[in-house]
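Working notes, beginning with the structure itself.
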Amino acid sequence: MLHVNSSRSISDPSDPDAQLTANNGEYLVNISLGTPPFPIVAIADTGSDIIWTQCKPCTDCYKQDAPLFDPKSSSSYRTVSCSSNACNSLQSEGSSCSSDGSVCEYQVSYGDQSHTQGDVAAETLTLESKTGNPVALPKTVIGCGHDNAGTFSPKGSGIVGLGGGPASLVSQLGSSIGGKFSYCMVPYAAAKPTSTMNFGTNAVVSGNGVLSTPLISDPSQPTFYFLQLEAVSVGSKKIAFQGSSIGGSGNIIIDSGTTLTLVPTDFFSQLSDAVETQVTGGTKTSDPEGFFSLCYVPDSSLKLPPVTAHFKGADVVLTSDNIFIQVNDKVVCLAFYANDQLSIYGNVAQQNFLIGYDLPKQTLSFKPTDCTNT
């Protein structure tokens with residue numbers, strides 16, 4: 001773990017937060033880097049660890065709308081040496097030494113074949129707080145990306161890793177947030193596309209309707225938050241779920257950075273057939289892009305069967321927003337996809353739930369919520 005500097009000038013260390021914005025299949029979180037603080041908008045990703053942004057000079061960067069972060073304009077930016085603890089902690093992120101041996105470098109590839117590489121640095125990261133006072137986190141380990149490409153949207157400039165590994169924002173915040181964070185994802189089509197991500201005391205999910213399930217860790221894959229999904233019910237048909245096989249009892253990861261829910265081919269076929277059999281009204285159609293297999297024209301006659309995700313100890317009732325994704329003005333498609341590698345509970349399935357992670361208690365909580373009001 002990367003330890004938080006105990007002398008950090010935090011106005012209320014248990015109370016940081018950040019704005020979360022829906023953006024076409026992903027959720028962007030607002031942070032600031034550097035001194036003076038430079039605003040950064042990046043993908044909120046519980047399926048990865050490292051915090052990185054595109055940096056000047058850019059050898060090969062994707063197009064972004066906002067200005068690039070310039071390390072030379074920050075008085076607090078410091079590259080990290082190859083012999084440092086920070087560099088050693090990033091070995092799982094492909095850390096290495098520059099050709100002259102002076103600077104720690106990183107290289108990360110993601111599941112969709114996107115990638116980033118650049119320098120590892122220590123920099124001041126700033127979050128907002130409920131008090132209105134900024135929460136400054138000096139010496140946060142980040143990646144300053146000089147070669148980045150893939151499926152990134154121009155609205156974002158990098159990724160904020162929120163996984164369980166030592167380089168993530170959650171791990172670097174450390175004891176100051178008591179191992180707790182939460183988010184509430186608005187549907188993509190919501191008129192108000194923003195909500196709030198909370199850390200610390202304000203991240204506790206409580207009250208009527210809260211369902212909790214164990215968070216399961218796998219030491220060989222510390223980044224991922226595994227859950228145990230026992231089955232999915234479509235109407236009266238209950239389909240048992242096997243999912244990814246790991247050392248423990250977890251069989252699916254929860255990931256804010258993946259859009260769709262990815263499940264084994266066998267399970268997907270059964271789920272898709274069950275949904276198709278029980279849907280009434282509407283007009284079945286094909287996906288114009290040829291990606292999705294079950295799509296409908298969503299007119300007023302379309303009625304979907306009730307769908308429940310049966311996690312261990314938590315029967316999470318999904319809504320139409322969790323089950324289908326709008327691919328254009330006239331077509332909605334089943335927001336699940338066949339994948340025989342890692343099973344992933346994606347962000348469409350998480351929309352309009354307040355989702356709280358309590359790492360010390362090893363629990364994940366779901367609370368049905370209108371996220372536009374958070």
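Quick note: numbers below take in every heavy atom, side chains included, and nothing from hydrogens, waters or symmetry partners.
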* For K72, all residues meeting side-chain hydrogen bond (donor to acceptor under 3.5 Å, both in side chains), sequence neighbours excluded -> none

* Are side-chain heavy atoms of T126 and I31 found at a separation under 4.5 Å? -> no

* Determine whether L127 and P134 make a side-chain contact, defined as any pair of heavy atoms from C-beta on separated by less than 4.5 Å. => no

* To do: Please say which of L227, L211, L364 ends up in a side chain to side chain contact (heavy atoms under 4.5 Å, CB included) with F311.
  => L227

* For residues 49-68, which residue pairs qualify under salt bridge (Lys or Arg N to Asp or Glu O under 4.0 Å), counting only residues two or more places apart or in two chains? -> K63-D65

* Asked: Does any pair with a residue in residues 16-29 pass salt bridge (Lys or Arg N to Asp or Glu O under 4.0 Å), and if so which ones, sequence neighbours excluded?
  -> D17-K130

* Distance flag, aromatic centroids of Y357 and Y225, threshold under 6.0 Å -> yes

* Asked: Any chance the side chains of S256 and Q350 put a donor and an acceptor closer than 3.5 Å?
  -> no

* Asked: Taking NZ, NE, NH1 and NH2 as the nitrogens, is one of them in K284 or E276 under 4.0 Å from a carboxylate oxygen of the other?
  -> yes

* Asked: Is the SG-SG separation for the cysteine pair C97 and C82 below 2.5 Å?
  -> yes

* Compare the SG-SG distance of C55 and C144 against 2.5 Å and report whether it is shorter. => yes

* Flag for E128-Q19: side-chain donor and acceptor within less than 3.5 Å -> no

* Looking at CD1 of I254 and OG1 of T258, how far apart are the two atoms once the value is rounded to the nearest 0.5 Å? -> 11.0 Å

* Asked: When you look at CG of N24, are more than 12 heavy atoms from neighbouring residues, nucleotides or ligands closer to it than 6.0 Å?
  -> no

* **Polar side chain donor-acceptor pair, S171 to S168, under 3.5 angstrom** => yes

* Can you sort out the partners of N373 under side-chain hydrogen bond (donor to acceptor under 3.5 Å, both in side chains), two or more places apart, ordered by chain and number? => D370

* Donor-acceptor pair between Q351 and N322 side chains, under 3.5 angstrom -> no

* **Contact summary for V120 and Y106, nearest pair of heavy atoms** => CG2-CB, 3.9 Å

* Count the heavy atoms of every other residue, nucleotide or ligand shown that sit under 6.0 Å from CG of D112, and state whether that count exceeds 12. => yes

* To do: Tell me yes or no: between the side chains of T363 and D358, is some donor less than 3.5 Å from an acceptor?
  => no

* Check whether F291 and I323 end up in the same hydrophobic cluster, where Ile, Leu, Val, Met, Phe, Trp and Tyr are linked by side-chain heavy atoms less than 4.5 Å apart. => yes

* **Shared-cluster residues of V205, by chain and number - hydrophobic side chains joined below 4.5 Å** => V210, L354

* Structure fact -> Sorted by chain and residue number, the ring pair (Phe, Tyr, Trp, His ring centres under 6.0 Å) partners of Y110 (sequence neighbours excluded) come out as none

* Does one side chain, of Q172 or T140, offer a donor that lies under 3.5 Å from an acceptor on the other? -> no

* Ring centers of F226, Y345 separated by less than 6.0 Å -> no

* Note, L125 side chain near I51 side chain (heavy atom, < 4.5 Å) -> yes

